[in-house]
> 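Quick one: structure below, then a few questions.
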Amino acid sequence: MSVPELTCKELVEVVTDYLEARMPAEQRLLFEEHLAFCDWCQSYLQQMRATIHLTGTLREDDLTPEARDGLLEVFRDWRHR
Amino acid sequence: MEALKFLRPGRVAPFTGVTWPPPGQWLTSAAPPELCRAGVHALLPDGLATWTTEELWRVELDGARELAPGIMVAPRGRLLGRVEAWNDQTAREFARACAEHVRDHASGRAAEYAADAAAAAAAAVAGDSAARVGYIAAHAAEAMTPGGFAAERRWQSRWLADRLGLPGKSGPPS
């Protein structure tokens, strides 16, 4: 395909760069062109923004011990991959 | 200069989520204009088709530059008035026009895209679904001819400008 565009999968891979404004202008344009017609990726982006907003307000004391242990287990597992 | 801006319901910018002030009041960017990152973004008529959402507004831009084809970016802008001709009915007309424009000449893969566009056009509204039909139809055009995607987008934009009574760089669509 000769049309320059992002797929949904590619968009998911670079969403952090978009949210942190670390994406080159040409790629930002492709990113937003994809969002213009893809409501699934719009929802995904909204979920990411909401997650960042909510987790940005959490302190360690806000977590239950079970939630804290669960998160640590996920992180340890991820680091071992 | 005057340009056009698609917004979500309630004058909300589709990507930043910024709510534009009421018509006549300036919206000013906190940072220098930069494509898709900072500044007030708006469209020339030839760039309309890619960005359709629920509301279309005429805007005045101050100090605008064209940073991508059909995309103007300025330090500040203000709404002048809503383009009432853009609504669910004209969005459905737009979607049908997009589907029909590629249907007659499509074969093979292009015909599959064209059929998808025609099916989606029947229920298209001014929000995401009309935008999706235009996108699928442009892919049908690309499947027929390399470079067809961009050419079809230009045709779609000219159709919109003509149907909505907006001034365009080019004449009415053929």
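So you know, we letter chains A, B, ... as the sequences are listed, proteins then strands, and number each from 1.
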> Just so I know, are the side chains of A/E32 and B/W51 near enough to count as touching, which here means a heavy-atom distance under 4.5 Å?
yes
> Please check this pair: side chain of B/R132 against backbone of A/C38, looking for a donor-acceptor N/O pair closer than 3.5 Å.
no
> Out of curiosity, A/F37 CZ to B/T52 OG1, how far, rounded to the nearest 0.5 Å?
11.5 Å
> Would one find more than 12 heavy atoms of other residues, nucleotides or ligands at under 6.0 Å from atom CZ of B/R65?
no
> Out of curiosity, does B/L166 fall in the hydrophobic cluster containing B/F94 (side-chain heavy atoms, cut-off under 4.5 Å, transitive links)?
yes
> With rounding to the nearest 0.5 Å, note down the distance linking SG in B/C36 to CD in A/Q27.
11.0 Å
> Is it the case that one hydrophobic cluster holds both A/L19 and A/L54, taking links as side-chain heavy atoms less than 4.5 Å apart, direct or via other members?
no
> Check step by step if side-chain contact (heavy atoms from CB on, under 4.5 Å) holds for B/R153 and A/E33.
CA-CA 12 Å; B/R153 284 306 210 185; A/E33 283 180 355; over 6 Å; no
> Are B/M144 and B/I136 joined in one hydrophobic group, where the rule is that I, L, V, M, F, W and Y side chains link up if heavy atoms are under 4.5 Å apart?
no
> Taking the side chain as every heavy atom from C-beta outward, state whether B/Y135 and A/E5 have any pair of such atoms under 4.5 Å apart.
yes
> Heavy-atom count check: over 12 atoms from other residues, nucleotides or ligands less than 6.0 Å from A/E26 CD?
no
> Determine whether A/W40 and A/F31 fall in the same hydrophobic cluster, where Ile, Leu, Val, Met, Phe, Trp and Tyr are linked whenever their side-chain heavy atoms lie under 4.5 Å apart.
no
> Taking all heavy atoms of B/A131 and all of A/A36, pick out the closest pair and write down the distance.
CB-O, 3.5 Å
> Taking B/E34 first and then A/R28, would you say they form a salt bridge - that is, a charged N and a carboxylate O separated by under 4.0 Å?
yes
> Heavy-atom distances under 4.5 Å only: say whether A/Y18 touches chain B with side chain, backbone, both or neither.
side chain
> Is B/I71 in contact with chain A via its backbone, its side chain, both, or neither, using a 4.5 Å heavy-atom distance?
side chain
> Where along residues 11-32 of chain B does a heavy atom come under 4.5 Å of chain A, listed by residue number?
B/F15
> Can you name the residues of residues 46-53 of chain A that have some heavy atom under 4.5 Å away from a heavy atom in chain B?
A/R49
> Testing the basics here: between A/Q42 and B/R8, what is the closest heavy-atom pair and its distance to 0.1 Å?
OE1-NH2, 2.9 Å
> Decide whether B/F6 and B/V73 are clustered together by the hydrophobic rule: side chain heavy atoms of Ile, Leu, Val, Met, Phe, Trp, Tyr closer than 4.5 Å, transitively.
yes
